[in-house]
Undergrad: 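Could you have a look at this structure, given as structure tokens, before my questions?
Keep in mind the model is a prediction, meaning the values are calculated, not measured.
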Amino acid sequence: KMVYEIYGDKRGCCKGYGGSMHMLDKKVGFVGSTPILGSAAPIAAGIAASKKFMNKKNQITIVFIGDGAAEEGAFYETVNLAGLYRLPLLIILEDNLYSVETSS
């Protein structure tokens, strides 16, 4: 369903309206993607906190971000809070060969 969504097909998880940047499929545990640089990590930390403290579930939250997102202050605050509250959060930082506007 995610591949259909990327191509804008009505068989996609968001009926083709979300595309690659606004995708969501809770049936498979994918709570969303966002096009705003650096925003995925804090959102993932919030999801990890809700699973740990509110739902009392022993599940890990995984977030993929590009290396350019590590230049945002929200990334470092997320890492600090995740450590402080021992959140079940795995941040995968991908070197996608771009950092904001310049290539590496």
Side-chain angles (χ1 to χ4, degrees):
K1 287 190 171 192
M2 289 183 165
V3 173
Y4 285 128
E5 187 61 37
I6 290 171
Y7 286 108
D9 191 289
K10 64 182 177 183
R11 294 173 287 181
C13 52
C14 297
K15 309 290 186 236
Y17 292 107
S20 64
M21 293 193 199
H22 304 284
M23 198 182 316
L24 174 76
D25 193 354
K26 288 186 178 180
K27 292 178 186 174
V28 297
F30 184 74
V31 246
S33 59
T34 176
I36 300 170
L37 181 64
S39 67
I43 293 169
I47 293 167
S50 71
K51 285 181 181 179
K52 180 177 181 177
F53 298 119
M54 297 176 72
N55 298 339
K56 306 291 186 197
K57 292 185 178 180
N58 191 19
Q59 296 176 330
I60 188 168
T61 300
I62 302 171
V63 61
F64 291 83
I65 60 173
D67 57 325
E71 296 177 0
E72 300 292 321
F75 170 76
Y76 295 103
E77 289 300 319
T78 298
V79 172
N80 285 331
L81 288 172
L84 179 66
Y85 292 109
R86 299 182 186 270
L87 297 180
L89 177 64
L90 174 62
I91 299 174
I92 298 175
L93 185 63
E94 174 190 14
D95 181 4
N96 56 14
L97 304 178
Y98 286 94
S99 179
V100 184
E101 296 177 6
T102 60
S103 64
S104 59

Undergrad: Asp25: what forms a salt bridge (Lys or Arg N to Asp or Glu O under 4.0 Å) with it, not counting sequence neighbours?
TA: none
Undergrad: Check for me, please, whether Tyr4 and Ile6 land in the same ILVMFWY cluster - side-chain distances under 4.5 Å, paths through other members count.
TA: no
Undergrad: Enter the distance from Met23:CE to Phe30:CZ here, rounded to the nearest 0.5 Å.
TA: 5.5 Å
Undergrad: Considering residues at least two apart in sequence or located in another chain, which fulfil the side chain to side chain donor-acceptor pair (under 3.5 Å) criterion with Tyr7?
TA: none
Undergrad: What donor-acceptor contacts under 3.5 angstrom involve side-chain atoms of residues 39-55, with partners at least two apart or in another chain?
TA:
unit_1	atom_1	unit_2	atom_2	d
Ser39	OG	Thr34	OG1	3.4
Ser39	OG	Ile36	O	2.8
Ser50	OG	Ile47	O	2.8
Lys52	NZ	Tyr85	O	2.9
Lys52	NZ	Arg86	O	2.9

Undergrad: How many angstroms lie between CD1 in Ile65 and CD in Glu94, if you round to the nearest 0.5 Å?
TA: 10.0 Å
Undergrad: Which pairs with one or both residues in residues 2-23 pass salt bridge (charged side-chain N to carboxylate O under 4.0 Å, His left out), sequence neighbours excluded?
TA: Asp9-Arg11
Undergrad: In Å, rounded to the nearest 0.5 Å, how long is the span from CG of Leu89 to OG1 of Thr61?
TA: 6.5 Å
Undergrad: The criterion is side chain to side chain contact (heavy atoms under 4.5 Å, CB included); which residues satisfy it with Ile92, sequence neighbours excluded?
TA: Ile62, Phe64, Leu90
